[in-house]
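A, B, ... follow the sequence lines: proteins, then strands. Residue 1 opens every chain.
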2 protein chains.
Amino acid sequence: MTILDSETKAVETPDDHGDELRLWLRLLTCTTMIESEIRSRLRERFEVTLPRFDLMAQLDKTPDGMTLSDVSKRMMVSNGNVTGLVERLVESGHVDRRTSSTDRRVQVIRLTRQGRAEFRKMAAEHERWIAEIFGDLGSKDVADLMKLLAKTKASAKKAVTARMA
Amino acid sequence: MTILDSETKAVETPDDHGDELRLWLRLLTCTTMIESEIRSRLRERFEVTLPRFDLMAQLDKTPDGMTLSDVSKRMMVSNGNVTGLVERLVESGHVDRRTSSTDRRVQVIRLTRQGRAEFRKMAAEHERWIAEIFGDLGSKDVADLMKLLAKTKASAKKAVTARMA
DNA sequence: GATAATTATTTGAAGCCTAAAGCAACATCC
DNA sequence: GGATGTTGCTTTAGGCTTCAAATAATTATC
């Protein structure tokens with residue numbers, strides 16, 4: 001709802017937040033579209049799900065392994081979620097899980113040799129897919145988007161923190 | 001990996017797609033953070049989930065009701081998913097479901113009076129939350145982001161279409 | 001060293017989501 | 001008007017996700 005002020009210039013009412021809402025919907029649509037495309041391709045080409053791929057990506061960065069809690073924090077998902085995810089990856093032979101020798105509560109997980117080899121192949125293709133998907137953006141677009149999203153992220157983080165306080 | 005060309009200007013190797021990958025991760029992080037904040041608030045304040053809220057938003061726009069297939073298309077989720085979602089909303093009294101009089105295969109769903117009243121309250125707060133979350137962005141930022149995301153969406157859509165062909 | 005508090009993980013209940021198979025009702029075509 | 005195909009929806013099996021409760025092991029406290 002816009003009104004015209006005395007100088008006949010469009011002015012928004014104090015509590016019109018339609019622009020932000022539209023921005024949010026567009027952001028969501030965009031992300032969802034890309035994410036579902038990535039899911040489809042991972043499934044078609046490698047018969048792997050995105051959560052599994054993400055978990056393997058974390059493990060690929062830490063050859064010495066991680067504890068389940070580490071994974072949970074890094075991926076920002078619940079502990080119980082990681083338990084099940086790891087269970088299935090152990091099942092399929094991609095991940096090795098063993099109890100820590102110094103603390104018997106702790107499970108240390110690593111990629112198996114096969115898991116690492118497969119992941120590397122997937123990651124390489126994945127990177128090409130992303131490049132293709134963002135292909136029509138020039139390098140200035142990419143830089144601008146990075147900046148604006150950084151600002152958005154900071155703004156969102158502030159709102160999250162404010163609510164928690 | 002960047003190299004320096006004869007004029008000492010940074011140039012990227014042909015197949016370096018790191019920037020796009022970083023952009024994608026930032027986009028994903030940003031969206032996920034906002035989405036999970038919205039989920040939390042909906043749950044805390046109204047004890048409602050995001051999928052339910054989204055479905056009610058669709059129904060609020062069509063007072064004459066929609067068929068399950070309509071909902072499925074609009075929300076871009078599977079038919080089976082909608083069946084379950086609607087089941088729970090009927091259960092909680094927010095949605096009314098009845099078989100079409102002209103085609104006994106078709107289920108027409110609408111918001112109940114109570115469902116509509118509750119949704120309106122939720123939607124108003126939701127809009128304020130979004131405004132708060134994007135609060136640090138100026139109106140130029142918002143406009144720029146809209147434009148860049150439109151471009152991104154178009155680029156992604158092209159990649160999706162190309163794969164399907 | 002026993003008790004209490006903390007930490008790491010698992011389990012269970014519930015919801016969300018998909019793909020694929022199945023069922024019922026409608027539409028078409030001869 | 002009966003066989004064939006299509007459409008709308010539900011069901012099933014499986015995976016992902018959370019929260020909360022339970023277990024087990026370690027650390028801190030006295």
note: Q107(B), atom CD; dC26(C), atom P; distance rounded to Å ~ 12 Å
Taking OP1 and OP2 of dC16(C), is either one under 4.0 Å from a side-chain nitrogen or oxygen of T49(B)?
-> yes
Assign R39(B) to base, sugar-phosphate, or nothing according to its heavy-atom contacts below 4.0 angstrom with the strands shown.
-> nothing
Nearest whole angstrom, please: distance from the C1' of dC16(C) to the CE of M76(B).
-> 16 Å
Length of the CG-P vector between L85(B) and dT10(D), whole Å | 12 Å
Separation of dC16(D) P from L42(A) CG (nearest whole Å) = 12 Å
Does OP1 or OP2 of dT9(C) have a side-chain N or O of R97(A) closer than 4.0 Å?
-> no
E35(B) CD - dT18(D) C1' separation (whole Å) = 14 Å
Assign V82(A) to base, sugar-phosphate, or nothing according to its heavy-atom contacts below 4.0 angstrom with the strands shown.
-> nothing
Measure centre to centre between the rings of F46(B) and F53(B), then say whether the value is under 6.0 Å.
-> no
Check step by step if side chain to side chain donor-acceptor pair (under 3.5 Å) holds for Q107(B) and T99(B).
-> CA-CA 5 Å; Q107(B) 301 286 311; T99(B) 302; 3.3 Å; yes
Does S69(A) put a side-chain nitrogen or oxygen below 4.0 Å from OP1 or OP2 of dT9(C)?
-> yes
Quick one: D54(A) CG to dT17(D) C1', roughly how many Å, whole number?
-> 14 Å
Are E44(A) and R163(B) within salt-bridge range, i.e. N to O under 4.0 Å?
-> yes
Grab the CG-P distance between L50(B) and dC16(C) for me, whole Å please.
-> 10 Å
Check every atom of dC9(D), dT10(C), dT7(D) against the side chain of R105(B) and return the nucleotide holding the closest atom.
-> dT7(D)
Taking only side-chain nitrogens and oxygens of R43(B), does any of them come within less than 4.0 Å of OP1 or OP2 of dT18(D)?
-> no
Tell me whether the OP1 or OP2 atom of dA24(D) has a side-chain N or O from R104(A) closer than 4.0 Å.
-> no
Phosphate-side-chain proximity, N81(B) and dT18(C), N/O vs OP1/OP2 below 4.0 Å = yes
Pairing of D70(B) and R74(B) as salt bridge, 4.0 angstrom limit = no
Could you state the atom-to-atom distance from CG of L68(B) to C1' of dT11(D) in whole Å?
-> 14 Å
Does R43(A) pair with E47(A) as a salt bridge, N-O distance under 4.0 Å?
-> no
Look at all strands and tell whether N79(A) reaches a base, only sugar-phosphate, or nothing, counting heavy atoms closer than 4.0 Å.
-> base
